[in-house]
Amino acid sequence: MSFDNLNDKQQEAVRQLDGPLLILAGAGSGKTSTMTHRIAHMIEEGIPAWNILAVTFTNKAAAEMRERVESLIGDTQDMWILTFHAMCLRMLHIYADRIGYDSNFVIYDTSDQKTLVKNIEKEQGISDREFKPQYILSVISRCKEKEMGPEEYRRSALEGPREKAVYAVYKEYESRLRENNAMDFDDLLLNCLRLLESETDVLEKYQNRFRFIMVDEYQDTNHIQYRLISLLAAKHHNLCVVGDDDQCIYQWRGADISNILDFEKDFPDAKVIKLEQNYRSVGNILAAAHSVIRHNTSRKQKELWTTREDGEKINYYRADNDREEADYVARQIGYMNRSGRSLNDFAILYRTNAQSRLFEEALSRHGIPYQVLSGMRYYDRKEIKDIMAYMRLIVNPADDLSLTRVINEPKRGVGPKSLDKLAAFARVRGQSIFEALIDPDGEMLDTLPGRSYDKVKEMVTVMKECREQRSDMSVSDIYDALLVRTGYLKSLEDEKSVEAESRIENLMEFKTVIAEYEKSAEDPTVEEFMAQLTLAAEVDNMDDSQTQVTMMTMHSAKGLEFPVVFIPGLEDGLFPGSRAFDDDDQMEEERRLCYVGMTRAKELLFLTSAEVRTRYGRTDYTRESQFLREVDKKLLTGSAVYQRRGQRSSLGVSSGSRDGFAKEPAYKPFDALKYAKQQTRKAAAGGDTDLNQGDRVKHGKFGEGLVISVTDSIVTVAFDTAGIKKLAKGIAPLKKL
DNA sequence: ACCAATCTGCTTTTT
DNA sequence: GCAGATTGGT
């Protein structure tokens, strides 16, 4: 294989396969290309694919790496290319019993954790106002990152009321996770570490297998991840880590920057290769980013360089207010789009997700299509979480948290009081609530009052059936069955409200997600589907197939690049956030974030701020960001293509000529919901949508049948052999005969 | 047990 | 400015 398209340093990194290697890869220095070629080179050298492990930060990065390696050498089936969490999940799934878990364990996401902590606080008479669940969880997470259990915490912590409360909750939290056969995000890593530490045969197996290990974004690994990798690499020492200390932006989540700074100490024979040539950005952008990052004191000295032209200067615009700021951005995008730039070229990268709304509104006003990649909002919807809880229970009946969530959703007349009774009853029997409910002896069901009995029994029967037949059913089948037969969909339909409509909408859209999973997975199972969903990052959902502007946080944008980048909200208190002003470390992290944001841009970079901004209902005057002040003045200009007159920035940047809204051509406003619907319909091309009562239809699984009734979203069909089924219109594989 | 009306506290950032 | 929680009435 020839590496002609790589520079000397990159080639050196590619050829250096044996022993520890640290690649300090600056932003845009061809990191991914180097890593993929390095893997390809291993294969070329005769190293079997199954000896290779590559760990990334997001699923998107993993998928991209796999794709690119595949394009170089073909099949990558036997290679592990995945995220830390996915790697741990994979190992734990096989060896769960070794650490006292059932392999059907579920993963609790942040909101599950919060609910659990709240429940515990209630039970223990601890006020969730005084000790906020979020706070307690952050302490617990920090403990877990240090491998510190509840008892050790008590011994090491102070003895105030706060510490007492944290201890009490932590202890109960841990035992409840065990009882529910559930793990949180930290547990995935921690339990995997425990597994490898205590089970020498398992450790040896993986040590022998993974003779060559690569870790991407090493600057963002935490202590547990560091330990995991050290253990796995302990035998062969063929560990290559890639990272950039200037891009460490997850310290708040426990990322330990010393992992990368001390790599040479950990591995004294380590080779270090610096990639400093930037291929991504135009000279001015690089210079501007550097003028900001050099204000950080604790960093490895390096400066990126490029052979590219200087390009345009960095554009800075100070708007009157936040709404006008958003409008300015939309105007610029509209203008550049009309002069020939694709909408895919643009990204709006902000500090906080809350900022996205104004930009959504502005882009809609201007008729510009966009996608927002914001913190899990889609899966956070109530209806999705509800149906997921149903699915979880089928796999893992020990999950009391999920049962509590859905037993009265839809209303089955089971309020908190009945639920308490059920929980107590189950406890006496030594079972989880759901286990006790599905127990053939029916004892617990019989304790229910008449009004709720029938409904709960019906639900229990359905769930039991799904559970028993789940190996013969596809994930979609299970989803359909649950949606319809638990009465969940029916109760939404009966509501006849706009909100209920949109919930149904979302539930139907979710079918596309399932269908996509089923298409991509080798052996689709409900378990795996749910795990993948909880471990998905928002960037993983990025869609490049549409022509649209992309918005996300600067955190999410790490590893991505766009020709034109807008960074709005450059104001003290917002970016950098207010907390950064009394903590130097936090200020440095914010600055690194700014660096990451700026270096996403290839050709044009726009910075904006608003003189007046409304936040949590309050409108305040702002001050231009410290980071703006740090940008080399020579690199800034205020004469954007579309500019307002008379704007004066304290930075002394000049302004151009005014242009208003009036000339905007009347684009049709972009309707996100309508768009989503279209997408769903398109993706579900398998099913006929123009069905009417009385039609004869054929279903892939149920055979032929007669349509009994049709609503906007549901088709009820009496199948000749399979009985009456309610199916999702346009999605279920129904063919008109 | 359920629903509607009022109230609170919140914004970093995410696997 | 909103979503989620709390409260009070049925």
Side-chain angles (χ1 to χ4, degrees), chain A residues 55-62 82-89 107-111 113-115 118 122 128-129 132-134 137-138 141 144-145 183-190 192 217 220-222 224-225 248-255 322 349-358 373-377 379-382 407-419 449 451-452 455 495 499 531-540 552-558 569 573-580 583 586 589-590 592-594 596-597 613-619:
Chain A
V55 187
T56 61
F57 213 64
T58 62
N59 296 297
K60 185 173 188 294
L82 27 60
T83 65
F84 268 107
H85 292 267
M87 174 186 86
C88 294
L89 179 66
I107 305 165
Y108 279 178
D109 67 17
T110 329
S111 79
Q113 290 178 283
K114 240 167 102 183
T115 318
K118 255 188 204 163
K122 202 175 267 171
D128 64 345
R129 303 219 153 174
K132 302 208 177 78
Q134 252 168 320
L137 280 166
S138 74
S141 181
K144 288 190 177 183
E145 265 151 23
M183 294 189 198
D184 64 21
F185 288 129
D186 294 315
D187 285 340
L188 282 176
L189 304 174
L190 187 52
C192 190
E217 309 284 11
D220 281 322
T221 49
N222 69 23
I224 304 288
Q225 291 166 329
C248 173
I249 54 174
Y250 286 104
Q251 262 182 319
W252 55 273
R253 199 172 81 187
D322 45 5
L349 309 178
Y350 34 74
R351 177 68 244 265
T352 67
N353 277 308
Q355 286 167 262
S356 71
R357 253 193 52 217
L358 288 168
L373 274 51
S374 69
M376 278 299 211
R377 234 172 254 174
Y379 303 120
D380 262 350
R381 301 217 166 106
K382 183 181 180 305
I407 188 153
N408 206 30
E409 197 66 59
K411 300 282 169 268
R412 300 192 177 92
V414 185
K417 260 209 167 133
S418 319
L419 187 60
R451 185 158 41 90
S452 37
K455 288 178 176 166
E495 237 186 81
E499 299 91 78
Q532 276 199 14
L533 216 61
T534 7
L535 293 180
E538 199 53 34
V539 265
D540 299 340
M552 69 184 101
T553 62
M554 281 175 270
H555 279 93
S556 297
K558 192 176 64 167
L574 179 61
F575 187 35
S578 50
R579 272 157 258 244
D583 181 343
Q586 276 196 54
E589 175 140 327
E590 294 276 305
R592 289 192 292 270
L593 187 58
C594 186
V596 168
R613 178 175 299 276
T614 309
R615 280 217 284 169
Y616 357 80
R618 272 223 128 58
T619 317

Taking atom P in both B:dT13 and C:dG4, compute the distance separating them and give it to the nearest angstrom.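 About 15 Å, rounded to a whole number of Å.
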Separation of atom [atom1] in [X] from atom [atom2] in [N], rounded to whole Å:
X        : N      : atom1 : atom2 : result
A:Leu82  : B:dT15 : CG    : P     : 15 Å
A:Asn353 : B:dT13 : CG    : P     : 5 Å
A:Asp322 : B:dT11 : CG    : P     : 19 Å
A:Lys60  : B:dT14 : NZ    : C1'   : 16 Å
A:Ile224 : B:dT15 : CD1   : C1'   : 14 Å
A:Gln532 : B:dT15 : CD    : P     : 14 Å
A:Gln225 : B:dT15 : CD    : C1'   : 8 Å
A:Gln113 : B:dT15 : CD    : P     : 14 Å

With DNA chain B as reference, determine whether A:Gln586 or A:Leu419 sits nearer its 5' end, using the nearest nucleotide of each. A:Leu419
Partners meeting side-chain hydrogen bond (donor to acceptor under 3.5 Å, both in side chains) with [X] (sequence neighbours left out):
X        : answer
A:Ser418 : none
A:Gln113 : A:Tyr173, A:Asp184
A:Tyr108 : A:Asn180, A:Asp399
A:Thr221 : A:Asn259

Testing A:Ile107, A:Leu188, A:Leu89 for side-chain contact (heavy atoms from CB on, under 4.5 Å) with A:Thr534, which one passes?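 That would be A:Ile107; it is the only one of A:Ile107, A:Leu188, A:Leu89 passing the side-chain contact (heavy atoms from CB on, under 4.5 Å) with A:Thr534.
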Is it the case that over 12 heavy atoms from other parts of the model lie below 6.0 angstrom from the NZ atom of A:Lys411?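 Count over threshold, so yes.
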Restricting to side chain to side chain contact (heavy atoms under 4.5 Å, CB included), what partner residues turn up for A:Asn222, sequence neighbours left out? A:Glu145, A:Leu189, A:Ile224, A:Gln225
Residues which pass side chain to side chain contact (heavy atoms under 4.5 Å, CB included) with A:Arg253, listed by chain and number, not counting sequence neighbours: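 Side chain to side chain contact (heavy atoms under 4.5 Å, CB included) list for A:Arg253, sorted by chain: A:Phe57, A:Tyr250.
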With a 4.0 Å limit, can you tell me whether [X] has a side-chain N or O closer than that to the phosphate oxygens OP1/OP2 of [N]?
X        : N      : answer
A:Gln134 : B:dT11 : yes
A:Thr614 : C:dG1  : no
A:Ser418 : B:dA1  : yes
A:Thr110 : B:dT15 : no

For A:Phe575, all residues meeting ring-ring contact (aromatic ring centres under 6.0 Å, His included), sequence neighbours excluded: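 Applying ring-ring contact (aromatic ring centres under 6.0 Å, His included) to A:Phe575 gives A:Phe627.
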Would you indicate what [X] reaches in the nucleic acid, counting non-hydrogen atoms under 4.0 angstrom: base, sugar-phosphate, or nothing?
X        : value
A:Glu589 : nothing
A:Lys114 : nothing
A:Ser578 : nothing

Quick check for you: among B:dA1, B:dT11, B:dT15, whose closest atom lies nearest to any side-chain atom of A:Lys417? B:dA1
Taking the side chain of A:Thr83 as its heavy atoms from C-beta onward, which of B:dC10, B:dT15, B:dT13 lies nearest to it? B:dT15
Testing the basics here: between A:Val414 and A:Leu419, what is the closest heavy-atom pair and its distance to 0.1 Å? CG1-N, 4.1 Å
N/O contacts under 3.5 Å, protein versus nucleotides 2-6 of chain B?
unit_1: B:dC2; atom_1: OP1; unit_2: A:Gly413; atom_2: N; d: 3.3
unit_1: B:dC2; atom_1: OP2; unit_2: A:Asn408; atom_2: ND2; d: 2.9

Shorter than 3.5 Å, N or O on both sides, protein versus nucleotides 2-10 of chain C: list them out with atom names.
unit_1: C:dA5; atom_1: OP1; unit_2: A:Lys118; atom_2: NZ; d: 3.2

Give a yes/no verdict on base stacking between B:dT14 and A:Tyr250: centres under 5.5 Å, planes within less than 30° of parallel.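 According to the criterion (under 5.5 Å, under 30°), no, A:Tyr250 does not stack.
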